[in-house]
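Contents: one structure, followed by commentary.
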Amino acid sequence: MIIIIMRRFNLFFWLLPSLLTIPVFSNPVNKSTVLVCYGKLDPAKIKGYNYVILEEKNFKAEEVKQIKKNNKNVLAYISLG
């Protein structure tokens with residue numbers, strides 16, 4: 001009984017690394033879907049995100065409009081401290 005359990009245990013540890021690495025190598029161009037921006041970035045370079053979170057003091061209204069065109073959801077936050 002113990003031998004069967006140990007064989008299954010060994011098999012699990014042999015297969016585990018291969019199961020964990022499959023998603024990593026299946027899509028080599030995997031871009032993050034969320035961007036949190038604490039500073040000033042060029043709005044033209046912020047493209048293709050599902051969520052963009054910006055600090056409002058770093059962007060003008062025209063820049064935010066451009067960012068909204070190039071991304072799905074744009075949110076802003078205000079630092080109070």
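Basis for what follows: all heavy atoms, side chains included, without hydrogens, waters or symmetry-related copies.
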Worksheet item: Counting only N and O atoms by type, is there a donor-acceptor contact under 3.5 Å from the side chain of Asn71 to the main-chain atoms of Ile46?
Response: yes
For the student: nearest non-hydrogen atoms of [X] and [Y], plus distance:
{"X": "Ala44", "Y": "Gln66", "answer": "CA-NE2, 3.5 Å"}
{"X": "Asn58", "Y": "Glu63", "answer": "O-OE1, 4.1 Å"}
{"X": "Tyr38", "Y": "Glu55", "answer": "O-OE1, 3.2 Å"}

Just verifying a value: how many Å separate [X] [atom1] and [Y] [atom2], rounded to the nearest 0.5 Å?
{"X": "Tyr49", "Y": "Cys37", "atom1": "OH", "atom2": "SG", "answer": "10.0 Å"}
{"X": "Asp42", "Y": "Ile67", "atom1": "CG", "atom2": "CD1", "answer": "9.0 Å"}
{"X": "Asn50", "Y": "Leu35", "atom1": "CG", "atom2": "CG", "answer": "11.5 Å"}

Item to complete: Check whether more than 12 heavy atoms from other residues, nucleotides or ligands sit under 6.0 Å from atom OH of Tyr51, and answer yes or no.
Response: no
Item to complete: Kindly check if the number of other-residue, nucleotide or ligand heavy atoms within 6.0 Å of NZ (Lys40) is above 12?
Response: yes
Worksheet item: Do Ile53 and Phe59 belong to the same hydrophobic cluster, where Ile, Leu, Val, Met, Phe, Trp and Tyr are linked whenever their side-chain heavy atoms lie under 4.5 Å apart, directly or via other members?
Response: no
Worksheet entry | Verify same cluster id: Val64, Leu75 (apolar side-chain graph, 4.5 Å) | no
Discussion item. Go through it in stages, so that I can follow the logic: the residues are Leu54 and Val74, the test is side chain to side chain contact (heavy atoms under 4.5 Å, CB included), and I'd like the CA-CA distance, side-chain angles, deciding distance and then a yes or no.
Written reply: CA-CA 8 Å; Leu54 307 169; Val74 178; 3.9 Å; yes
